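First up is the structure itself, then whatever we jot down about it.
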2 protein chains.
Amino acid sequence: MMVSTRGRYALRVMVDLAQHQGQGLTPMKDVAKRQQISLKYLEKILPVLSKHHYISGTQGKGGGYRLTRAPEEYQVGDILRLTEGDLAPVACLEPGAPPCDQRESCPTRSLWCELGRRINEYLDSVTLADLMK
Amino acid sequence: MMVSTRGRYALRVMVDLAQHQGQGLTPMKDVAKRQQISLKYLEKILPVLSKHHYISGTQGKGGGYRLTRAPEEYQVGDILRLTEGDLAPVACLEPGAPPCDQRESCPTRSLWCELGRRINEYLDSVTLADLMK
DNA sequence: ATATAACCAACCAATTTAGTAGGTTTTAAT
DNA sequence: ATTAAAACCTACTAAATTGGTTGGTTATAT
């Protein structure tokens, strides 16, 4: 398993926000109820999306979140890389991974690179708008 | 990360065996030394491959393992699914997963299905022979 | 008899995952 | 001015997974 609940929930929240855009701000309480996800857990996942301006949050009564762009302009891959850290299929391809001393001669390295390339390529080819049906 | 050391090591062992086939039986001690992997850990990973007759092991002095088919006849996907359990990109697509009560309406389900399909398709298109260079 | 190989079972430390608990701060409505 | 509701923040935790280790038993060639 490569994508944990963090990435999956984040994506579902984004789709939910997309489906309710134009209705002003959407409070997470509503999203949590609709998506059957713990509100407290969502609150832990969202900050990274708002810090990178994928969504904007307004505090206080009547506040909530909204998308900052049109759904067509969000690539699923971006949302997942942000919430999951990255989408490498193996540990030795992860960003801060300790350099493997056999990486020059590793017969499987190119397999993992190509797999990672294909995974990212596919997820970048899908947008939030595609997921709205 | 989707493929742990279990699958990665198993694959490297299989490539190693492929590169030394025709030289009789290869003891794991040699493979462990060449691949810089703990022998004891390898011994824990290999049984599933020999139980499914991907390799055959001979005990006793002068014993070791060998491939049971030609390298071209091993799909990388098969080796990984066997050692990793499965290659589902998300928990809700894993074999024994509790059925999600929102799966009919889940807007992201088809994304994960298609991603899983592409991952398995690619890994099944590569054989051990391809990894021998 | 001995060395060497696969095979087997129990344990273990560190990390990750999926949360929970309990707040503080900001803002609109009353 | 008070209150309700929202985002935002920090610390903790139980369970599972990962990546092994320890200590053997069994089988076989020399």
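On a predicted model such as this, the values are computed, not experimentally measured, just so you know. Quick note on labels: first sequence line is chain A, next is B, and so on, each numbered from 1. Heavy atoms only: backbone and side chains are in, while hydrogens, waters and symmetry mates are out.
Between D:dT18 and B:Tyr41, no contact under 4.0 Å exists linking OP1 or OP2 to a side-chain N or O. Close to D:dG19, at under 4.0 Å from its OP1 or OP2, lies a side-chain N or O of B:Thr5. Regarding contacts with the backbone of C:dT26, every side-chain N or O of A:Thr58 stays at 4.0 angstrom or more from both OP1 and OP2. The phosphate of C:dA18 (OP1 or OP2) has no side-chain N or O of A:Ser38 nearer than 4.0 angstrom. Not one side-chain nitrogen or oxygen of B:Tyr9 sits closer than 4.0 Å to the OP1 or OP2 atom of D:dG19.
As a whole-Å value, the separation of B:Leu25 CG from D:dT28 P is 12 Å. One interatomic measurement links the two molecules: CE of A:Met2 to P of C:dT16, which rounds to 18 Å at whole-angstrom precision. Rounded to an integer number of Å, the gap from B:Gln59 CD to D:dT28 P is 7 Å. Between A:Glu43 atom CD and D:dA6 atom C1' the separation is 9 Å, expressed in whole Å. When rounded to the nearest whole Å, the span between NZ of A:Lys61 and P of D:dT2 equals 16 Å. Straight-line distance from the CG atom of A:Asp30 to the P atom of D:dA5: 12 Å, rounded to whole Å. Here the C1' atom of nucleotide C:dG19 and the CD1 atom of A:Ile37 are 12 Å apart, to the nearest Å. Following rounding to the nearest Å, A:Lys44 (NZ) and C:dG22 (C1') show an atom-to-atom distance of 14 Å.
For the pair A:Gly62 and A:Ala91, nearest-nucleotide mapping onto DNA chain D gives the more 5' position to A:Gly62.
B:Pro47 comes within 4.0 angstrom of nothing in the nucleic acid, heavy atoms only. At the heavy-atom level, A:Gly60 lies under 4.0 Å from base atoms of the strands shown.
Side-chain N/O atoms of B:Lys40 and base N/O atoms of D:dG24 include a donor-acceptor pair closer than 3.5 Å.
No donor-acceptor pair under 3.5 Å is formed between the side chain of B:Tyr65 and the backbone N or O of B:Met28.
At least one test fails for A:Arg6 against the ring of A:Tyr41: distance under 6.0 Å to the centre or angle within 45° of the axis.
Here B:Arg81 pairs with B:Asp78 in a salt bridge; the nearest charged N to carboxylate O distance falls below 4.0 Å. Taking 4.0 Å as the cut-off between side-chain N and carboxylate O, A:Arg118 and A:Glu121 do not count as a salt-bridged pair.
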Would A:Gln102 and B:Arg12 count as a side chain to side chain donor-acceptor pair (under 3.5 Å) if you check the C-alpha gap in whole Å, the side-chain angles of each, and the deciding distance to 0.1 Å?
CA-CA 12 Å; A:Gln102 300 169 291; B:Arg12 280 165 59 189; 2.9 Å; yes
